[in-house]
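Right, one structure below, let's go through it.
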Amino acid sequence: MIARWNLPDVRDRILHQSGELSRHDTSTTFVCMWLEMEKMLWEAFVVWREQGRPARDGWFRRKAKELWKTAYPDLQHMPALFVFSLGWFHGFLARHRIVLEFVTNTAQSLPENYKQQILQWLQFNRWNRILTQLVPVPRWPSPLSLHYICHDNQGGIPEHRIYNVDETPLPWEYLIGRTYDLKGAKTVWSKSAESGSEKCQCTLFLCIFADGIPWVPPILIFTATTGTKIQEKEGHLWDKHVHVEFSPSGWMNETIFRKFILQFLVPIFGNEQALFVFDHYRAHLTPSVIQTC
């Protein structure tokens with residue numbers, strides 16, 4: 001009927017249909033069939049959160065199915081009786097006043113002297129700002145502007161030879177951003193699943209070209225003296241589109257940066273003029289790196 005609602009006979013039947021059977025006028029009562037399992041799930045959730053462990057949908061799904069088998073051993077031969085549906089899950093959350101919250105480390109309340117702190121911050125900004133005179137914009141672009149740099153026919157450097165590199169830490173583990181907790185909780189805290197693992201990280205090194213084409217692969221730098229044994233053990237599992245390096249600190253160093261230039265950039269540009277942009281990180285500014293560039 002939905003597909004043919006605009007036909008004359010169907011439209012007349014819809015207009016003259018009685019509203020007595022409308023689902024909006026019918027009261028619905030939801031009956032909880034697994035009271036014992038819900039009680040056990042609630043108690044397990046409280047203990048889990050008291051330990052600072054995050055709980056998301058997957059945790060509830062696994063725990064509910066596990067506790068259902070424990071609470072109703074006579075029904076284990078019929079596992080299809082219990083279905084972890086969204087309707088049941090949302091009903092369970094509502095019955096026990098459980099909501100999805102962002103993880104915080106301190107109570108979400110304003111300090112008593114927040115107005116004074118805001119005023120001090122504004123005063124600090126006003127005292128320390130630097131007033132400079134407006135510089136008039138030239139009518140024609142400067143020879144050092146991007147207009148000339150990116151136009152090869154004007155003696156500049158084309159976009160495919162303009163590139164920028166930078167490093168960023170890549171932690172092994174991020175604290176989960178949201179977790180289910182009791183409604184009204186002022187502090188929603190979470191701790192790492194493995195002690196100290198949130199402090200472990202590698203370095204992601206990226207080289208971005210002005211034309212947007214990835215001419216060189218991303219580089220991951222892991223913490224190891226040489227990495228020879230690691231590469232022999234699991235090198236066949238690495239993605240061929242990612243280059244892997246090792247350093248004792250897990251960060252970029254002079255050796256890796258110089259190797260990157262010789263292995264990836266020199267074969268691309270050769271003796272052609274290029275614009276290489278990078279920051280003042282110490283591994284970028286050593287005499288051997290400058291000489292290689």
Side-chain angles (χ1 to χ4, degrees), residues 52-54 56 101-106 125 146 149-150 157-179 188-269 273-293:
R53 299 182 178 181
R56 294 296 297 267
E101 297 282 4
F102 284 98
V103 174
T104 61
N105 292 324
T106 57
N125 289 337
L146 288 178
I149 291 177
C150 297
I157 303 173
E159 292 182 346
H160 68 275
R161 296 206 302 267
I162 301 175
Y163 51 100
N164 176 35
V165 297
D166 204 355
E167 302 90 356
T168 183
L170 194 65
W172 293 138
E173 177 183 356
Y174 287 96
L175 289 178
I176 190 169
R178 302 182 73 181
T179 180
V188 183
W189 69 290
S190 175
K191 65 179 182 180
S192 174
E194 182 181 351
S195 178
S197 61
E198 73 281 359
K199 299 180 181 179
C200 299
Q201 61 187 25
C202 64
T203 298
L204 174 62
F205 177 78
L206 297 175
C207 180
I208 308 300
F209 288 77
D211 60 357
I213 300 177
W215 294 98
V216 298
I219 298 178
L220 288 176
I221 306 173
F222 295 96
T223 304
T225 304
T226 61
T228 304
K229 295 183 178 180
I230 300 177
Q231 187 171 3
E232 293 176 354
K233 182 179 179 181
E234 57 184 47
H236 63 283
L237 301 175
W238 298 346
D239 193 305
K240 63 180 180 180
H241 299 96
V242 178
H243 184 73
V244 178
E245 292 286 348
F246 297 91
S247 72
S249 63
W251 284 92
M252 173 65 72
N253 56 29
E254 176 185 356
T255 303
I256 298 177
F257 193 58
R258 189 170 180 272
K259 179 181 177 182
F260 161 76
I261 297 174
L262 295 175
Q263 183 175 348
F264 293 103
L265 299 184
V266 172
I268 296 176
F269 303 118
Q273 187 180 16
L275 178 61
F276 192 7
V277 182
F278 49 83
D279 55 20
H280 285 75
Y281 181 54
R282 59 181 181 273
H284 300 163
L285 303 175
T286 61
S288 63
V289 169
I290 299 300
Q291 185 178 1
T292 304
C293 294

Give the intermediate values and the outcome of side chain to side chain contact (heavy atoms under 4.5 Å, CB included) for residues L204 and L220. CA-CA 5 Å; L204 174 62; L220 288 176; 3.7 Å; yes

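Listed by first and then second residue, the salt bridge (charged side-chain N to carboxylate O under 4.0 Å, His left out) pairs involving residues 241-258 are E245-K259 (not counting sequence neighbours). Among residues at least two apart or in separate chains, side chain to side chain donor-acceptor pair (under 3.5 Å) pairs with a member in residues 206-222 are D211-W215.
Taking the side chain to side chain donor-acceptor pair (under 3.5 Å) definition, one finds that D166 meets it with nothing, sequence neighbours left out. In this structure, H280 has no side chain to side chain donor-acceptor pair (under 3.5 Å) partners at least two apart in sequence or on a different chain. Qualifying side chain to side chain contact (heavy atoms under 4.5 Å, CB included) partners for N164, counting only residues two or more places apart in sequence or in other chains: V277. With sequence neighbours excluded, no residue forms a salt bridge (charged side-chain N to carboxylate O under 4.0 Å, His left out) with E167.
No side-chain heavy atom of V289 sits less than 4.5 Å from a side-chain heavy atom of T292. Within the 4.5 Å cutoff, side-chain heavy atoms of V216 are placed close to those of F260. Annotation: side chain of V244 is not in contact with side chain of I230 (no heavy-atom distance under 4.5 Å). Residues E232 and T228 are in side-chain contact: their nearest non-hydrogen atoms beyond the backbone lie under 4.5 Å apart. Counting heavy atoms from C-beta on, the side chains of V165 and C207 come closer than 4.5 Å. Contact of the I256 side chain with the F205 side chain is not registered, since no non-hydrogen atoms from C-beta on lie closer than 4.5 Å. Residues F209 and H160 have side chains not in contact (no heavy-atom distance under 4.5 Å, counting atoms from C-beta outward).
Note that NE2 of H236 and CD of E234 are 8.5 Å apart. Values are rounded to the nearest 0.5 Å. If you take OG1 on T168 and CD on Q201, they are separated by 8.5 Å, rounding to the nearest 0.5 Å. In this structure, CD1 on I208 lies 13.5 Å from OH on Y163, to the nearest 0.5 angstrom.
In this structure, Y281 and M252 approach most closely via the heavy-atom pair OH-O, 2.9 Å. For T203 against G250, the heavy-atom pair with the smallest separation is OG1-O, 2.5 Å. Closest approach of I290 and H284 over heavy atoms only: CD1-O, 4.0 Å.
In summary, the aromatic rings of F269 and F276 are positioned with their centroids too far apart to meet the 6.0 Å limit.
Under the 30°/60° scheme for interplanar angles, the aromatic rings of F264 and H243 are found to stand perpendicular. Note on ring orientation: taking the six-membered ring where Trp is involved, the planes of F222 and F246 are tilted (angle from 30° to 60°).
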